[in-house]
Structure formats: C-alpha cells, structure tokens
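Have a look at the structure below, then the notes.
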Amino acid sequence: MAQRIGKHYLHKAGMGYKTFAKQLGEKVITVGAIIRKWKKHKRTVNLPRPGAPCKISPRGVAMIMRTVRNQPRTTREDLVNDRKAAGTIVTKKTIGNTLRREGLKSCSARKVPLLKNAHIHARLKFANEHLNDSEDNWL
C-alpha cells in the first residue's frame, strides 16, 4: 500500500509514467491505473463494491438498447430470450431495471406499430399535393 501512495507522489513530482514505473519495477499500465484511480476517488486503497455485480455485461446492455431503439415493440420477454441465446440467463425484472438505468422511463412495449415506409410516402404525397391549397378548400 505504501508503494501505491508513493506512485501518486512521484506522479505529483512531475515524473512520467514510464520513468517511475521503471523505478518501482511495475508495469506502466498499472501505474496509469493507480494514477487514474487517485484522480477520480482521491484514494488508492481498494474498497468493497457498492452492491452486487451486474448480471448483464456493458456490451449486452448496448445490444439491448440497440434492439429497443430499432424495434420499440420488443417485449422484455423477447429481450430475455435474446440474452439466453447469447449465453446469459436473466429475468424480466433485470431487463426492466437495465432499461430504466439506461434512461427509458417505461419498460412496456409499444402497442401501436410505427408507420411503415408506404404510409410515410402516402402522407408526404398527400401533403405535397395540397401544399398550395387555400384555407377555403379545407372548410
């Protein structure tokens, strides 16, 4: 532990990571990690983690968010089955908590499907045809 604190002070003295990594006989990446830890938490000791470890990896969370963003009608059960296919067994509650943590307020699937491309083109065509109509035509 004294060695970890020493690394911080060597860093404060203006020495580079490589220089005092050689002096201490540590890897440069280890020294960098300790310095980053000091800058963030103002301590270098390892503290117990706050709570249980996450069941879903950050990559899995990104995949879930991508799926929900691209297909808003995806249910939590669909997401559970996707994770099971990828090799991670989670519950619907875990999926809901993950979605909430990522900023989605509700975890219920969209009931009404989004407009299909044909509907979007039909609406645009109608709007363009009636662009120059006067107000009298609409009454």
Any L104 side-chain heavy atom under 4.5 Å of M65 side chain:
yes
In Å and rounded to the nearest 0.5 Å, what is the OG1 to CZ distance from T74 to R69?
12.0 Å
Using a 4.5 Å cut-off on heavy atoms from C-beta on, say whether the side chain of V28 contacts that of K22.
no
Go through the steps to decide whether T88 and K84 satisfy the test side-chain contact (heavy atoms from CB on, under 4.5 Å), and finish with yes or no.
CA-CA 5 Å; T88 307; K84 193 180 290 183; over 6 Å; no
State whether the number of non-hydrogen atoms from other residues, nucleotides or ligands found under 6.0 Å of L47 atom CG is greater than 12.
yes
State, with a plain yes or no, whether a side-chain heavy atom of K39 is found less than 4.5 Å away from one of I35.
yes
Using the rule that Ile, Leu, Val, Met, Phe, Trp and Tyr join whenever any side-chain heavy atoms are under 4.5 Å apart, tell me whether L115 and L124 fall into a single cluster.
yes
Taking atom CG of L79 and atom CZ of R76, what is their separation to the nearest 0.5 Å?
9.5 Å
Could you tell me whether a side-chain N or O of T30 sits under 3.5 Å from a main-chain N or O of E26, the two making a donor and an acceptor?
no
Might you work through the side-chain contact (heavy atoms from CB on, under 4.5 Å) test for K125 and N128, ending with a clear yes or no?
CA-CA 5 Å; K125 181 181 173 192; N128 287 330; 6.0 Å; no
Can you find a heavy atom in the side chain of I120 that is under 4.5 Å from one in the side chain of K116?
no
Would you say the side-chain atoms of R49 pair up with the backbone N or O of G51, donor to acceptor, closer than 3.5 Å?
yes
Heavy-atom check, side chain of N81 versus side chain of E77, under 4.5 Å
yes
Please determine whether the number of non-hydrogen atoms from other residues, nucleotides or ligands lying under 6.0 Å from atom CG of N132 exceeds 12.
no
Minimum-distance pair of heavy atoms, taken over all atoms of W38 and T44:
CE3-CG2, 3.9 Å
Are E102 and V61 side-chain neighbours, meaning at least one heavy-atom pair lies under 4.5 Å?
yes
Side chains of N46 and K37 only: does a donor on one sit below 3.5 Å from an acceptor on the other?
yes
State yes or no: do M63 and V80 share one hydrophobic cluster built from I, L, V, M, F, W and Y residues joined by side-chain heavy-atom distances below 4.5 Å, directly or via other members?
no
Does T94 use its side chain to pair, donor to acceptor, with the backbone of V90 at less than 3.5 Å?
no
Please report the interatomic distance CZ(F126) to CG(L131), rounded to the nearest 0.5 Å.
11.5 Å
Roughly how far, to the nearest 0.5 Å, is CD1 of I64 from CG of L99?
6.5 Å
